[in-house]
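For clarity, every value in this text was computed on a predicted model and none was experimentally measured. All values below were derived from every heavy atom in this structure, side-chain atoms included, with hydrogens, water molecules and symmetry-related copies excluded.
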Amino acid sequence: MTTTPLHLSQVVLEIEQHVARGGWDQPARLYALVETAGLVRHEPALAERLGIPATVAPGELTPIEQEALPADRPLGELLAGIAWPPKVLGCALVVERLMLPPDVEAELADRDPADLIRKVANHPRRQEVRIAVGVLRDGSRQTTIRLRSHDSDDMVLTGPELVPNLAEALAMTLED
């Protein structure tokens, strides 16, 4: 069983809620996760501009949104080309996707990729979702999933292993 530090859980949920305020049909968004106390110490002007108090709880994380990801390249390819400096303790990614129930995914497993995209897009049991995944260098992970059909902060699913392949791809960006 994977445990998730409270601060990672909080920051991933806050990132998802921040993105949710902008509505649906948004591009993927990438965030560096830095230690808030370190940010206050090393970048006091930035911390002040962000409204971060001078005293913060140990282990607290601050998300820093990165430049927009190119929409014309596959996400896996983009993530494979990212490397973070040591001061970045973790990272988070928010994407919107179509998901199918596991029993339906199993039926479609051997399809041609182009055929699969068409089948998923037209499947009556598909769900439009917003996924926010955060990972830390220590291996901690947290994921939130918001269904478009249940678009409410109190209906967001959370857990460390909800989208393990995406979490693993994101974790690889933190490897030295």
Side-chain angles (χ1 to χ4, degrees), residues 1-99 113 129-146 153 156-176:
M1 181 173 134
T2 304
T3 59
T4 304
L6 179 59
H7 294 296
L8 179 60
S9 298
Q10 289 172 331
V11 78
V12 171
L13 188 58
E14 288 171 7
I15 289 169
E16 192 286 326
Q17 290 173 344
H18 167 76
V19 173
R21 286 192 288 276
W24 287 88
D25 304 318
Q26 295 187 52
R29 293 165 84 167
L30 183 66
Y31 298 81
L33 301 179
V34 299
E35 179 190 32
T36 304
L39 179 66
V40 169
R41 249 187 337 274
H42 300 293
E43 300 286 344
L46 175 61
E48 186 177 336
R49 202 168 56 234
L50 295 173
I52 298 171
T55 306
V56 295
E60 190 172 318
L61 299 168
T62 295
I64 300 174
E65 188 167 3
Q66 304 301 292
E67 292 183 22
L69 295 171
D72 61 341
R73 290 182 48 208
L75 184 59
E77 182 181 305
L78 290 170
L79 292 177
I82 294 173
W84 299 99
K87 287 186 180 181
V88 173
L89 299 182
C91 54
L93 177 71
V94 180
V95 295
E96 293 180 11
R97 293 290 184 262
L98 292 176
M99 292 182 81
V129 298
R130 178 179 302 111
I131 303 166
V133 177
V135 298
L136 297 179
R137 288 188 189 274
D138 70 4
S140 303
R141 299 170 179 202
Q142 181 64 4
T143 304
T144 66
I145 299 177
R146 180 185 296 255
D153 286 350
V156 173
L157 306 170
T158 63
E161 300 293 334
L162 295 177
V163 187
N165 292 340
L166 184 55
E168 184 60 31
L170 197 55
M172 291 177 73
T173 69
L174 296 166
E175 293 179 359
D176 296 326

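Every salt bridge (Lys or Arg N to Asp or Glu O under 4.0 Å) that Asp153 has, sequence neighbours left out, goes to Arg146.
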ask   = After noting the C-alpha distance and the side-chain angles of Glu35 and Lys87, does the key distance pass the salt bridge (Lys or Arg N to Asp or Glu O under 4.0 Å) rule?
value = CA-CA 8 Å; Glu35 179 190 32; Lys87 287 186 180 181; over 6 Å; no

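The shortest heavy-atom contact between Gly23 and Glu96 is O-OE2, 4.1 Å. Between Ala28 and Leu69 the shortest heavy-atom distance is CB-CD1, 3.9 Å. Between Leu75 and Arg97, the closest heavy-atom pair is CD2-NH2, 3.4 Å. When every heavy atom of Val129 is checked against every heavy atom of Met99, the shortest pair comes out as CG2-SD, 3.4 Å. Here the closest non-hydrogen pair linking Val135 and Ala167 is CG1-O, 3.6 Å. Between Val94 and Ala132 the shortest heavy-atom distance is CG2-CB, 3.9 Å.
Side-chain contact between Thr158 and Thr143 is absent, with no heavy atoms from C-beta onward closer than 4.5 Å. Between Leu33 and Val11 the shortest side-chain heavy-atom distance falls below 4.5 Å. Annotation: side chain of His7 is not in contact with side chain of Leu89 (no heavy-atom distance under 4.5 Å). Contact check for Val95 versus Arg130: no side-chain heavy atoms found under the 4.5 Å cut-off. In this structure, the side chains of Thr144 and Ile131 stay at 4.5 Å or more apart for every pair of heavy atoms. Under the 4.5 Å side-chain criterion, counting only non-hydrogen atoms from C-beta, Thr173 is in contact with Cys91. At least one side-chain heavy atom of Tyr31 sits less than 4.5 Å from a side-chain heavy atom of His18. Using a 4.5 Å cut-off on side-chain heavy atoms (C-beta onward), Val156 and Glu16 make contact.
Once rounded to the nearest 0.5 Å, the distance linking CG of Leu79 with CZ of Arg73 reads 10.0 Å. Here CG of Leu8 is found 4.5 Å from CG of Leu136. Values are rounded to the nearest 0.5 Å. Expressed to the nearest 0.5 Å, how far CG of Leu93 lies from CD of Gln66 amounts to 11.5 Å.
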Under 3.5 Å donor-acceptor pairs involving side-chain atoms of residues 38-65, not counting sequence neighbours:
| residue | atom | partner | partner atom | Å |
| --- | --- | --- | --- | --- |
| Thr62 | OG1 | Thr36 | OG1 | 2.6 |
| Glu65 | OE1 | Arg29 | NH2 | 3.3 |
| Glu65 | OE2 | Arg29 | NE | 2.9 |

